[in-house]
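Chain letters run A, B, ... following the sequence lines, proteins first and then strands; every chain starts at 1. None of the values given here were measured: they were computed from a predicted structure.
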Amino acid sequence: MRELSFAQALGEALAQAMESDPRVFIMGEDIGTYGGAFGVTGDLVHRFGEDRVIDTPISELGAAGAAVGAALAGSRPILEFQFSDFAGLAIEQIVNQAAKIRFMLGGKTSVPVVFRMPTGSGTGAAAQHSQSLEAWYGHVPGLKVIQPSTPYDAKGMLLAAIEDPDPVLIFEHKLLYKMKGHVPEEQYLVPIGKAAVLREGKDATIVGSAIMVHKALEAAEILSAEGIDIEVIDLRSIRPIDKATIITSVKKTTRLAVVYEGVKTLGIGAEISALIAESEAFDYLDAPIIRLGGAESPIPYSPILERAAVPQVENIVEALRNLVQSRA
Amino acid sequence: MRELSFAQALGEALAQAMESDPRVFIMGEDIGTYGGAFGVTGDLVHRFGEDRVIDTPISELGAAGAAVGAALAGSRPILEFQFSDFAGLAIEQIVNQAAKIRFMLGGKTSVPVVFRMPTGSGTGAAAQHSQSLEAWYGHVPGLKVIQPSTPYDAKGMLLAAIEDPDPVLIFEHKLLYKMKGHVPEEQYLVPIGKAAVLREGKDATIVGSAIMVHKALEAAEILSAEGIDIEVIDLRSIRPIDKATIITSVKKTTRLAVVYEGVKTLGIGAEISALIAESEAFDYLDAPIIRLGGAESPIPYSPILERAAVPQVENIVEALRNLVQSRA
Amino acid sequence: MSSPKSHQNNLRPFYANHSAEHLKKALRRMHLVRKFEETAEDSYVRGLTHGTMHLSIGQEASAIGTTMALRKTDYITSTHRGHGHCIGKGAEVKYMFAEFFGKEEGYCHGRGGSMHIADPESGNLGANGIVGGGLPIAVGAALAIKQQKRDDVAVCFFGDGASNEGAFHESLNMAAIWKLPVIFVCENNGYGMSVSTDRSTSVPNVADRAPGYNMPGVIVDGNNIADVVEAMMVATARARKGEGPTLLECKTYRTRGHSRSDRNKYRSKQEIEEWKLRDPIPQFVNELIAYGIIDAAEATAIEQSVDVEIKAGFDFAVAGTNPTPDSLTRDVYARELV
Amino acid sequence: MSSPKSHQNNLRPFYANHSAEHLKKALRRMHLVRKFEETAEDSYVRGLTHGTMHLSIGQEASAIGTTMALRKTDYITSTHRGHGHCIGKGAEVKYMFAEFFGKEEGYCHGRGGSMHIADPESGNLGANGIVGGGLPIAVGAALAIKQQKRDDVAVCFFGDGASNEGAFHESLNMAAIWKLPVIFVCENNGYGMSVSTDRSTSVPNVADRAPGYNMPGVIVDGNNIADVVEAMMVATARARKGEGPTLLECKTYRTRGHSRSDRNKYRSKQEIEEWKLRDPIPQFVNELIAYGIIDAAEATAIEQSVDVEIKAGFDFAVAGTNPTPDSLTRDVYARELV
Ligand SMILES: Cc1ncc(C[n+]2csc(CCOP(=O)(O)OP(=O)(O)O)c2C)c(N)n1
Ligand SMILES: Cc1ncc(C[n+]2csc(CCOP(=O)(O)OP(=O)(O)O)c2C)c(N)n1
Ligand SMILES: [Mg+2]
Ligand SMILES: [Mg+2]
């Protein structure tokens with residue numbers, strides 16, 4: 001079984017997409033000779049040349065607009081933001097242009113652009129380099145927003161994003177880049193909009209995404225030793241959200257916890273909780289829906305504080321223990 | 001009883017703040033001679049001069065950064081975005097700078113800046129001039145986010161925002177600017193972070209904000225004719241959210257509907273629903289928590305479609321009727 | 001102007017390089033823009049339409065002159081004041097009116113409205129409600145043109161006010177370092193809404209910023225279509241040859257307010273009147289007559305044929321179909337996933 | 001340089017206008033910056049700290065020369081490469097080390113770390129993790145200075161790469177039209193991370209863009225502190241007199257990688273070695289000795305006193321207090337509302 005790191009899986013998706021489709025090209029800051037801040041683009045500039053692997057000036061708004069324009073003119077651009085935090089400078093083009101152009105033109109064009117968004121804390125890079133703002137983009141009709149948690153999904157979801165006719169943002173958690181896992185050599189698509197049940201259980205459901213999926217699985221292992229049987233769902237897609245999979249699970253387990261790194265308030269957990277609270281699964285709930293989200297603060301530099309700012313395995317274990325023990 | 005329009009109330013707050021505090025000044029596009037796109041700043045430039053009523057170039061990012069810098073240097077800037085949609089160009093300064101500088105500096109400074117955000121649909125201005133993105137900013141620790149629904153609150157909340165030591169975003173729904181109501185002449189503060197129960201009821205609670213508060217009140221009137229008794233809460237503050245007031249109400253009415261104009265998915269209704277679903281009020285709920293939010297599409301130009309894109313009184317009436325009739 | 005008849009042999013390039021048909025078509029389009037907007041304005045005033053609208057009345061030479069030099073496969077990115085660009089690139093007024101009236105027959109099926117009317121088929125990548133929004137989009141279109149080894153160009157319209165947006169800076173820099181086939185057309189009408197360029201802009205001319213991007217900066221009388229077209233001929237030739245972008249500044253003026261809510265408090269009646277005397281349409285008509293390309297009768301005939309087209313377009317729009325609420329989310333995604 | 005001794009009477013302004021004490025303090029601060037960063041780098045390599053770090057080794061003349069011309073009440077906005085600016089504006093290394101080690105004793109109580117170390121007391125409005133983020137903030141600080149009728153200035157540090165951000169354009173334009181007391185100091189070290197200025201920037205010098213904002217654009221040898229200070233003397237005088245902003249470009253070089261993860265694939269060893277020969281610190285030492293302001297012994301003494309301060313600062317930091325998790329949200333709001 002061939003193993004690749006999450007970063008290598010993304011790089012392979014980019015290479016294969018460029019090989020099989022001449023319209024595809026990538027742009028971003030330091031993605032050429034440097035190989036990308038996180039090494040995703042590696043040596044692609046040597047394989048595909050500077051016309052298809054473009055180092056942009058430090059001009060996020062301009063680069064995003066250029067990607068939108070290239071997509072409108074028949075190319076298939078993939079723009080890497082060095083950190084998703086910097087996409088804020090380009091959000092006008094992502095949200096007011098890419099997401100709306102098709103609609104404003106009555107469906108006569110589409111904007112097949114992919115924005116790559118390195119995300120999350122845990123690297124000691126502090127408040128302006130550690131945010132998880134996927135919830136923002138999930139709030140915007142016209143966009144598709146995905147978040148892989150394994151090397152296998154990283155490749156398949158990025159290829160699906162490149163193949164998709166609409167603008168797609170792929171959130172890549174920085175702590176996952178080095179994670180290794182099985183990745184098939186050939187091209188394959190992991191469909192956008194489908195969650196995955198990674199662990200079956202009957203006592204409670206955890207919905208998580210990106211790095212939190214792995215923490216949830218760890219927590220589930222620990223809890224199973226206590227005889228608590230947790231079902232773990234990898235959300236994978238934030239827009240659209242796979243409502244059906246979550247509802248089915250909650251109807252079975254009757255308890256739900258959502259675990260995410262973004263700030264708790266108005267984060268993705270809010271939407272998942274609300275989806276259940278307004279769904280037919282509501283009647284099956286035997287306990288309040290709990291959310292473990294990021295702290296209500298910017299991400300701090302101090303490792304001690306940084307760790308305290310996002311949910312950790314022990315927090316999940318404790319919260320789920322209480323949730324399951326709470327009265328039926 | 002003195003009546004002012006919502007826009008006049010805001011203008012009076014600006015004038016009084018500038019009169020009583022020499023540090024206060026306002027900046028924005030066309031707020032001088034033109035008097036502001038929605039007439040809020042009116043003749044202030046003639047009363048306070050061009051040094052305190054500053055027409056900026058069309059440079060949203062620069063203007064927002066200038067406001068942040070002026071606040072750090074001891075002034076009290078108020079920046080008007082002509083439409084809150086354009087704040088996307090400045091979100092880097094609002095979210096990465098204004099919201100985080102105090103934290104990143106260990107609490108040694110603060111950034112007392114106010115961003116005025118004309119918001120919402122209903123004016124036929126289409127997708128790029130009609131958004132309601134308050135949920136985005138509500139997701140950001142370090143910011144305070146408020147949304148008045150009456151001329152009285154508009155003045156009191158803007159004065160509270162100007163007096164507050166932290167960055168505050170005030171979302172002003174464009175359809176409210178012409179609305180008239182009682183506004184005292186003197187300066188007064190409406191505290192940030194407190195919701196208001198505008199109508200007491202026992203059968204169900206509606207939490208709404210801005211224009212939706214008025215639609216909710218209308219719906220409540222119609223429903224009361226049918227013997228359905230609705231409690232209506234004006235959210236007023238999106239960050240922080242007044243959890244206590246909402247929980248108390250839901251424990252009493254056992255049913256909750258959230259009505260908001262922003263896109264339903266990941267909008268403010270998601271957070272309010274999740275707050276209740278994880279709170280002690282959960283056990284009191286006799287029905288699913290319902291959300292009436294904006295459609296999953298950009299705001300269209302056609303008046304017919306534009307009307308269909310946001311909750312209307314009849315939608316609220318019907319939804320609440322079903323909610324109350326749903327099994328106890 | 002000394003009687004042109006006298007030197008037919010050394011006619012200026014605009015007249016030397018365009019057939020009478022072509023020149024008449026240009027005049028006709030200027031009338032189309034003018035009358036489209038006058039009619040739109042009138043229906044707004046009569047309460048037949050809602051929303052707002054930005055009229056380019058007085059700026060027609062710039063819109064039609066720049067687009068006259070283009071092919072169908074060339075792209076434009078337009079602005080909130082884009083009716084002229086749209087017609088110049090080949091759109092039909094009937095579908096524009098339909099859009100303006102929010103009908104399914106409109107170019108955007110009623111989703112876009114006045115500020116977003118555009119015909120993608122004709123190479124118009126869209127009007128824009130965001131000042132400066134089209135600048136980097138044009139750069140990207142030019143990047144795609146280059147990657148696809150085409151010799152087309154992308155023309156990017158923007159205003160004097162837009163030149164103070166960061167997007168202007170980032171876009172011109174990228175176009176310059178990558179030698180892209182973009183023509184940045186600044187329609188400088190002296191004001192960004194209510195703020196005059198001397199209050200908002202650190203240099204007297206937007207073109208003065210071109211050296212900062214190592215590209216030619218050209219200033220023309222934007223009310224003189226011949227000047228506009230000749231400058232565009234040079235700029236497009238340069239771009240098609242792969243020699244890079246040009247910044248072309250058309251000095252012009254909008255004789256109407258910025259938008260419907262404008263009370264013109266920031267400028268004098270006199271200034272407006274002076275500019276009305278420099279109306280680009282009569283200027284062009286007189287020149288065409290002076291050059292013997294049309295006579296007064298033909299001038300009238302052209303104008304009348306436009307009146308007919310406008311009337312027909314208006315009627316077409318009024319009779320159009322309203323979108324149904326259930327079609328609201330129809331055009332959000334090219335591939336619906338739920 | 002021809003022996004300075006010979007013309008003591010027509011000394012260049014830098015030497016003529018600064019006392020020996022002042023000059024020695026400048027040298028001492030250059031050592032402080034260098035040794036602070038070398039020590040920080042070392043502790044990072046030894047795994048004593050986490051995160052990343054951007055070293056300005058090789059750029060000390062620019063950081064110290066620019067800040068030497070400032071008062072305590074003047075402001076600076078700094079960058080991700082800001083240790084030199086921070087020290088130049090008067091910060092103490094012990095609190096900088098403490099921040100670097102994430103301790104409560106640090107300038108930011110451990111919240112900011114290497115990329116955000118700043119001492120607001122000394123007029124440093126903050127380092128910045130966002131390239132170009134400090135540009136408009138400096139403009140705003142200058143606007144406040146003007147409103148408050150002070151004759152202070154705001155110095156805005158940014159890199160060559162940052163000059164391609166829209167924020168650069170918007171900031172210089174605003175500073176120019178409002179004649180604000182800002183000095184835009186571009187520390188041009190030839191690269192924005194891995195991309196050289198000739199690949200990213202449409203003009204050879206960032207200062208070439210100054211005319212587009214109608215302000216003076218000055219280029220100096222950023223490794224020669226005398227050149228830097230003299231240019232700053234002119235720029236600050238101009239600003240304090242209310243004559244407006246200046247764009248000052250200091251040509252320099254970072255001899256270390258961009259950050260910890262840099263493998264220097266984009267530049268040659270030789271280029272790095274050549275620049276090391278132009279190290280600003282020995283240059284300055286030699287000049288001070290040549291001018292007879294210090295002798296070799298004193299030069300060594302200064303360096304040693306810095307070693308002592310660094311060692312003490314390091315020890316202070318290591319012995320510092322770690323923040324407790326419950327203090328996480330302590331510094332988010334000046335007025336907590338829930
Ligand atoms: C980013 C952004 N800021 C502000 C506005 C509001 N606005 C619309 S047009 C306009 C003036 C634009 O001036 P200019 O670029 O000169 O174009 P003109 O209107 O003169 O044709 C303004 C401020 C907007 N639509 N988008
Ligand atoms: C808005 C933004 N874009 C990109 C980055 C990543 N980044 C950090 S420093 C840097 C290079 C900056 O180059 P320059 O302005 O020349 O400063 P230097 O590092 O050379 O001192 C980049 C791309 C960032 N921090 N912020
Ligand atoms: Mg203009
Ligand atoms: Mg640099």
### Message
One thing to verify: whether B:Lys264 and A:Glu278 come together as a salt bridge, which I'm taking to mean a side-chain N less than 4.0 angstrom from a carboxylate O.
### Response
yes
### Task
Check the side chains of A:Ser130 and A:Ser121 for a donor-acceptor pair under 3.5 angstrom, ignoring hydrogens and angles.
no
### Message
Could you check whether A:Phe171 and A:Tyr137 have their ring centres less than 6.0 Å apart?
### Response
yes
### B:Leu266 and A:Trp136, any side-chain heavy atoms less than 4.5 Å apart
no
### Task
Using a heavy-atom cutoff of under 4.5 Å, enumerate the residues of residues 88-96 of chain A that contact chain B, numbered in order, or state 'none'.
A:Gly88, A:Leu89, A:Ile91, A:Glu92, A:Val95, A:Asn96
### Residues in residues 299-310 of chain B that sit under 4.5 Å from chain A, counting heavy atoms only
B:Ile299, B:Pro300
### Query
Which of the residues B:Ser273, B:Ser297, B:Ala99, B:Pro141 is involved in the greatest number of heavy-atom pairs with chain A at under 4.5 angstrom?
B:Pro141
### Query
Side-chain contact, heavy-atom cut-off 4.5 Å: B:Leu275 with B:Ile241?
yes
### Message
Is it the case that the side chains of A:Ser132 and A:Thr119 hold a donor-acceptor pair, with the cut-off being a distance below 3.5 Å and no angle test?
### Response
no
### Task
Against chain A, work out which of B:Glu296, B:Met104, B:Glu271 has the most heavy-atom pairs shorter than 4.5 Å and name it.
B:Glu271
### Query
Is it true that the side chains of A:Gln147 and A:His173 contain a donor and an acceptor less than 3.5 Å apart?
no
### Task
Specify which of A:Lys100, A:Glu60, A:Gln97 makes the most heavy-atom pairs with chain B at under 4.5 Å.
A:Lys100
### Contact leader toward chain B among A:Gly294, A:Pro298, A:Ala270, where contacts are heavy-atom pairs under 4.5 Å
A:Pro298
### Query
When only pairs under 4.5 Å are counted, which of A:Ala277, A:Gly267, A:Ala87 shares the most heavy-atom pairs with chain B?
A:Ala277
### Message
Is any side-chain heavy atom of B:Leu256 closer than 4.5 Å to one of B:Val207?
### Response
yes
### Query
Quick one: what part of B:Ile289 sits under 4.5 Å from any heavy atom of chain A, side chain, backbone, both or neither?
both
### Message
Please check: side-chain N/O of A:Ser59 versus main-chain N/O of A:Gly62, any donor-acceptor pairing under 3.5 Å?
### Response
no
### Query
Side chain, backbone, both or neither: which part of B:Ala126 has a heavy atom under 4.5 Å from chain A?
neither
### Message
Checking the side chain of A:Arg236 only, and the main-chain atoms of A:Asp242 only, is there a donor and an acceptor separated by less than 3.5 Å?
### Response
no
### Task
Of all the heavy-atom pairs spanning B:Gly269 and B:Tyr260, show the shortest one and how long it is.
CA-CE2, 3.3 Å
### Task
Go through the atoms of A:Gln131 and report whether side chain, backbone, both or neither lie under 4.5 Å from a heavy atom of chain B.
side chain
### Heavy-atom side-chain proximity of A:Ile146 to A:Leu169 below 4.5 angstrom
no
### Task
Would you please test B:Gln128 and B:Asp85 for side-chain hydrogen bond (donor to acceptor under 3.5 Å, both in side chains) and show each step?
CA-CA 6 Å; B:Gln128 295 174 327; B:Asp85 309 71; over 6 Å; no
### Query
What part of A:Val258 gets closer than 4.5 Å to chain B, counting heavy atoms only: side chain, backbone, both or neither?
neither
### Electrostatic pair A:Glu134:A:Arg239 at N-O distance under 4.0 angstrom
no
